[in-house]
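Computed from a predicted model, the values in this text were never measured in an experiment.
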Amino acid sequence: MDRSRVTVVIVVLAAALALPFYAGPFWMGLATQIIIFGLLALSVDLLLGHTGLFSLCHASFFAVAAYTTAILQVRYGTPTVFAAPAGVLAGTLLALVFGIAVRTRGVYFILITIALGFIVWGVAYRWSSFTGGDNGVTNVPFPSIGPLAVTSHLQYYYLVLAIVMLCALGYRMLVSSPFGLGLRGIKASESRMRSLGYRTALHLYVAFVLSGALASLAGVLYVYYNRFVNPVTGSFQISVEVALMAIVGGSGTIIGPFIGSGVLLGLRNWVSSFFELHAAVMGVVFIATVLWAPDGLVGLARRLRKRRTGIRKDPA
Amino acid sequence: MKQSALEVEQLVKEFGGLRAVAGVSLSVEAGQRRVLIGPNGAGKTTLFHCITGTLRPSLGRVSLFGRDVTYLEEYERTALGMGRTFQISNVFTELTLLENLTLAIVGTDRRKWTMLRPVRAFGSVREEALQGLEAVGLEHRAAETAQHLSYGERRQLELALALKSNPRLLLLDEPCAGLSPSERQRISRMIADLPRTTTVVMIEHDMDVALGLADRVTVLHRGSVILEGTPDEVQANPKVREVYFGHA
């Protein structure tokens, strides 16, 4: 890691740790949300940025995990120590099934993931005796394990921050491992990977399941933050938004999806306070990104820096 | 009798109504250098794709080292000791040369599934990758991405990738196509210097390269073998001269 990247990481972490000292409850809530959706965007980007597969069903894993944990906690009084892992497990099991999508590529993969995503949304919406239909599941308590209980939004913020930081470290390890390099190899040339002895479909399937597991973890973190879950959590719109977050922030990087999450959620909060068509603003942001910063904000920053240092190093 | 590295029996490949390969049989002994020649459209590359597993033959059988692989996937054939290059350079343009070679090295063993150890912790792989680059004269560019390579350098990287999967049977699809004379010389010397434990089957248009390297030559025309023999026999054959050069 070069020095500027270390600096960025330290500054971001310090800001995140110190946030409660200068931000009120509203901003704390927003920050928690940004970190959780950043994790969801990161999970999408394991496929998008590293294998080139554009998934539009990640809200499904997110929602199934959230529903599982919520229903267990609220309806059956299951303690967090079981309800939270059960949520991650349920989302991951769904990813094991939805992983069949890796048999397709390109636009067909996108279409099949959209269809799969709508199944989950439809079930959440229509199977109201189990999911609560439009109302969803409400009154999810703060998580508590034995004597360790979260009692405030501030504590939960730090818990989320710690878990997501661990995930980011694990993710970094994964993408710099031979397996991670293999994924980028498949993105660059799948036919070449096959001829080098890689069972590429299996590699992609494993990546898909890992990505789904990460999205599920984000779902569990979300439901304890939001205190309730309804079909919107698993909607197509969420799947699209998190993919946008990854692209806007910088696909293929770790900090990018979090930056994208911050930009999109921040912008939505700000714009929706005075403009009803805030979704249109998201559209404009996306178009601007594709046109002027196709590598996202991280890519843009790198390019600007390179240009600046390039000029400085130029003897003329 | 020596074991055969590659055995093709009555192989047919049809695309709709077109018979690209019309019943080809080949037997390549272990250690041999076999060159496939033939005019454009003779079915050489299609035959190649059926041998590597990229295409499934319509009829017939393919065996590698005595094992029937007709229904095996390409990655399974690679695990049996097959390596190949592509007619149009197929390298990982977005990755560095070192990463390109690393993928080739770990591709045939279990290390490709390692998830919790960074690539740079595998010192021996790095060394092997650098050796692989050195063999094709690209070691000084190890840290650059492959997109910065010239056409000829990509051909060399292509060959380095195929060699690093440790093949016992190397399939080369026009390795010298489009190269400058000096690059061509370098590649053909590399192929000539390969140990005899590696069997080489190669498609080549350049007659000098082909006839210089080959132990035996197979001539294809319109999807069928019209002649197989030593380079001298092939050169002397009037039928070959007719189909290949258009005149006797």
Side-chain angles (χ1 to χ4, degrees), chain A residues 1-2 43 46-52 102-103 166-211 213-214 250-254 294-295 299 302 306, chain B residues 48-49 52-54 72-86 88-96 98-122 125 129 145-147 157-158 161-167 171 173:
Chain A
M1 217 166 27
D2 60 76
S43 78
L46 180 61
L47 295 179
L48 183 61
H50 295 269
T51 74
V102 303
R103 295 175 61 105
L166 285 176
C167 288
L169 282 175
Y171 188 94
R172 191 176 139 73
M173 182 66 92
L174 183 74
V175 297
S176 54
S177 71
F179 176 77
L181 181 61
L183 297 181
R184 281 183 287 143
I186 293 170
K187 186 183 181 188
S189 170
E190 187 169 353
S191 57
R192 175 43 105 176
M193 286 295 277
R194 277 199 218 104
S195 76
L196 290 179
Y198 290 81
R199 191 175 178 181
T200 55
L202 185 61
H203 252 74
L204 292 176
Y205 181 75
V206 171
F208 189 94
V209 173
L210 288 172
S211 162
L214 205 58
S251 189
T253 66
I254 294 177
D295 299 323
R302 275 187 196 155
K306 204 178 265 175
Chain B
F48 232 59
H49 283 325
T52 60
T54 312
L72 292 191
E73 299 286 338
E74 190 163 1
Y75 73 89
E76 294 171 298
R77 300 184 195 200
T78 302
L80 288 175
M82 182 196 81
R84 71 167 302 187
T85 65
F86 290 78
I88 297 161
S89 290
N90 190 351
V91 298
F92 306 108
T93 46
E94 296 135 63
L95 303 182
T96 66
L98 200 59
E99 288 172 328
N100 268 270
L101 270 281
T102 302
L103 283 173
I105 293 164
V106 302
T108 44
D109 61 44
R110 299 186 60 82
R111 286 176 295 186
K112 64 175 172 245
W113 288 108
T114 308
M115 292 185 186
L116 296 176
R117 211 170 144 215
V119 173
R120 61 176 183 279
F122 293 85
V125 173
T145 54
Q147 63 199 353
L157 179 60
E158 176 86 32
L161 285 177
L163 287 174
K164 270 305 160 200
S165 57
N166 284 322
L171 298 154
D173 195 348

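When atom types are taken as modelled, the side chain of Ser165(B) and the backbone of Leu196(A) share no donor-acceptor pair closer than 3.5 angstrom. Checking side-chain atoms of Lys112(B) against main-chain N and O of Gly197(A) turns up a donor-acceptor pair under 3.5 Å.
The side-chain heavy atoms of Arg192(A) and Leu103(B), taken from C-beta on, include no pair separated by under 4.5 Å. Residues Arg194(A) and Glu73(B) are not in side-chain contact: their nearest non-hydrogen atoms beyond the backbone lie 4.5 Å or more apart. The shortest distance between side-chain heavy atoms of Phe92(B) and Lys187(A) does not fall below 4.5 Å.
Rounding to the nearest 0.5 Å places CE of Met193(A) at 10.5 Å from CG of Leu161(B). The structure places CD of Glu190(A) at 11.0 Å from CG of Asn90(B), a figure rounded to the nearest 0.5 Å. Of the inter-residue distances, the one linking Tyr198(A) atom OH with Tyr75(B) atom OH reads 14.0 Å to the nearest 0.5 angstrom.
Interface residue Leu202(A): backbone and side-chain heavy atoms are both found under 4.5 Å from chain B. Interface remark: Val175(A) contributes no atoms to any contact with chain B (heavy atom separation under 4.5 Å). Using a 4.5 Å cut-off between heavy atoms, Arg117(B) contacts chain A through its backbone alone, with no side-chain atom that close. No part of Ala79(B) comes within reach of chain A, as not one of its non-hydrogen atoms sits under 4.5 angstrom from that chain. Contact of Thr108(B) with chain A is made through backbone and side chain together, with heavy-atom distances under 4.5 Å. Contacts of Ser191(A) with chain B are made by both backbone and side-chain atoms, with heavy-atom separations under 4.5 Å.
Nearest heavy-atom pair across Pro118(B) and Pro178(A) is C-CD, 4.4 Å. Across all their heavy atoms, Glu74(B) and Ser195(A) have their closest contact at OE2-CB, 3.1 Å.
Counting heavy-atom neighbours within 6.0 Å of Leu166(A) CG, excluding the residue itself, gives a total above 12. No more than 12 heavy atoms of other residues, nucleotides or ligands sit less than 6.0 Å from atom CZ of Arg199(A).
The residue among Val106(B), Leu95(B), Val119(B), Leu116(B) with the most heavy atom pairs within less than 4.5 Å of chain A is Val119(B). The choice from Glu158(B), Arg77(B), Arg120(B) that makes the most heavy-atom pairs within less than 4.5 Å of chain A is Glu158(B). Contact count versus chain A (heavy atoms, under 4.5 Å) is highest, among Val125(B), Thr78(B), Thr85(B), for Thr78(B).
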